[in-house]
Amino acid sequence: MLDLNRARILREVARLGSMTAAARALSYSQPAISHHIARLEAEAGTPLVVRHGRGVRLTEAGRILVEHVDDALARMADAQERLAAIAGLRAGRARVAVFPTAAAALLPDALAALRTRAPGVTVSLTEAEPPGAVAALRAGEADLAVVFAYPHTPPDAGTRLRQVPLFDDPIRLVLPGDHPLARADRVHLADLADETWASGCERCRGHLLRACRDAGFTPRVAFATDDHIAVQRLVARGLAVTALPGLALGLHREPHVALPPAPELGRRHVSVLLPDAPRPPAVSALLDELCAAADTLTNDTLTNELPANEPPANDTLTDGTLTVGTLTVGTRAGGIRPGDPSETAGT
């Protein structure tokens, strides 16, 4: 491989016509210039200069090399400028893989703050549950992975990955608003052994099954969907009970569901995973903003107790039957049935 610095010296020799002049221009001694040219000729395997009068001139090989040196030095200058831009956050790229509720609750604030701080940085987002996000990180397809895990979940980090904790996300029991335990001070999971359940992603479903087994029963899971809004609507209509993270309930809470305390459901740990190696400035900046957004979530959402279920003021709740406009939600067994059209709709 040809040494680019020696090729630059050759270019100066060709421009000035002598090694002595090149030595003065480059603040080298004349013997040092001669030494570098000799080494470059050894690397090239052919003479690059010949003596001509009191100076030197390029051989055909030397002329070809100098032509390419100009292009190589221009590319190096461009690369140095781009590196300086990245180091100064005037450019750069960060790729993040994130699970769906964090993509909605955490990413927008983090990305907005990063745009203000470093508008030249480009961020790409891939939505993936934790196993997929970790796989993307290990494959080099993502720079950061926002993941969650339960205390019993095998660690995602493993070797060559660093874990940065963000927050703990409490898991909440979600019951229909007319459920007999809807306003209980505390619910034991064993009291729900005969219920029909809805569950979320594979990791969340595994946590639910484990919590119920620890309570002495295997839940009858009839509905499985990653859509936390769909799950809540199933519950609101008396078709199931479920457990959802506080993060999901902070994004959307369906009317007429109840969230009584159920400590046996525990909580999940949300964190960022990234390679255990020096990070590009853009990736470090995104990590900073993710941590700041997580602090805001912790202060504004997760630490605030979600209110107990109460029907809106314009709706009516009588003998376990909730009337909402022209629909009446009866007992869980009765589901939804037509109501009296003369009743006033709630808002």
Side-chain angles (χ1 to χ4, degrees), residues 1-97 111 113-126 136-144 160-162 274-289:
M1 172 125 0
L2 299 178
D3 185 278
L4 187 58
N5 184 57
R6 294 188 182 115
R8 183 176 63 86
I9 292 173
L10 176 66
R11 185 185 66 170
E12 284 300 293
V13 170
R15 185 176 70 86
L16 298 173
S18 76
M19 293 191 186
T20 301
R24 284 196 300 266
L26 297 174
S27 299
Y28 279 74
S29 67
Q30 195 275 335
I33 294 291
S34 298
H35 172 74
H36 282 300
I37 296 299
R39 289 289 302 274
L40 186 62
E41 289 179 326
E43 292 170 355
T46 187
L48 301 173
V49 298
V50 293
R51 295 195 176 277
H52 179 69
R54 300 182 64 179
V56 295
R57 62 177 176 82
L58 296 177
T59 65
E60 181 65 15
R63 184 183 63 78
I64 292 173
L65 179 57
V66 167
E67 289 176 356
H68 285 80
V69 166
D70 288 337
D71 182 61
L73 290 174
R75 288 177 177 270
M76 284 298 295
D78 180 62
Q80 288 175 335
E81 173 61 25
R82 293 189 181 191
L83 290 174
I86 291 172
L89 288 180
R90 290 184 284 116
R93 176 185 73 167
R95 301 163 300 166
V96 57
L111 297 185
L114 182 63
R115 172 67 61 85
T116 299
R117 173 181 173 185
V121 170
T122 300
V123 178
S124 61
L125 166 67
T126 300
L137 190 63
R138 293 192 181 279
E141 298 168 358
D143 302 303
L144 308 96
R160 298 190 297 277
L161 292 180
R162 178 189 170 201
L274 62 166
D276 189 12
R279 298 188 297 274
V283 175
S284 293
L286 178 55
L287 176 62
D288 291 344
E289 300 304 342

inquiry  = Using a 3.5 Å distance criterion without hydrogens, assess whether the side chain of S34 forms a donor-acceptor pair with backbone atoms of Q30.
reply    = yes
task = Taking salt bridge (charged side-chain N to carboxylate O under 4.0 Å, His left out) as the test, write out the residues that go with R11, two or more places apart.
result = D70
query = If you look only at pairs with a residue in residues 37-53, which of them pass as a side chain to side chain donor-acceptor pair (under 3.5 Å), with sequence neighbours excluded?
reply = R6-E43
inquiry  = Contact between V56 and V50 at the side-chain level, heavy atoms closer than 4.5 Å - yes or no?
reply    = no
ask   = What pairs meet the ring pair (Phe, Tyr, Trp, His ring centres under 6.0 Å) rule with one or both residues in residues 3-34, with sequence neighbours excluded?
value = Y28-H36
request  = Could you list the residues that satisfy side chain to side chain contact (heavy atoms under 4.5 Å, CB included) with A38, not counting sequence neighbours?
outcome  = none
query = Which pair of heavy atoms, one from A22 and one from V13, lies closest together, and at what distance?
reply = CB-CG2, 3.7 Å
key: Any residue meeting salt bridge (charged side-chain N to carboxylate O under 4.0 Å, His left out) with R95, in chain and number order, not counting sequence neighbours   = D143
task = Kindly write out the residues that satisfy side chain to side chain contact (heavy atoms under 4.5 Å, CB included) with E60, not counting sequence neighbours, or none if the list is empty.
result = R63, I64
message = Does any part of the side chain of L161, heavy atoms only, come nearer than 4.5 Å to the side chain of D276, both counted from C-beta?
response = no
remark   = In terms of heavy-atom contacts, G55 and S18 come closest through CA-CB, 4.2 Å
note = Between V66 and A14, the two heavy atoms sitting closest are CG2-CB, 4.5 Å
key: Test side-chain hydrogen bond (donor to acceptor under 3.5 Å, both in side chains) applied to T20 - qualifying residues, sequence neighbours left out   = none
Under 3.5 Å, sequence neighbours excluded: what are the donor-acceptor pairs made by side chains of residues 279-286?
unit_1, atom_1, unit_2, atom_2, d
R279, NE, S284, OG, 3.3

note = Rounded to the nearest 0.5 angstrom, the CD-CG distance for E12 and L26 is 5.0 Å
query = When rounded to the nearest 0.5 angstrom, what is the spacing between CG in L10 and CZ in R15?
reply = 12.5 Å
request  = Locate the shortest heavy-atom distance separating L137 from A142; write the atom from each residue and the value.
outcome  = CD1-O, 3.3 Å
remark   = Residue pairs meeting side chain to side chain donor-acceptor pair (under 3.5 Å), one or both in residues 117-126, sequence neighbours left out, come to R117-E289
task = Could you tell me the separation between the CG atom of L4 and the CD1 atom of I9, rounded to the nearest 0.5 Å?
result = 10.5 Å
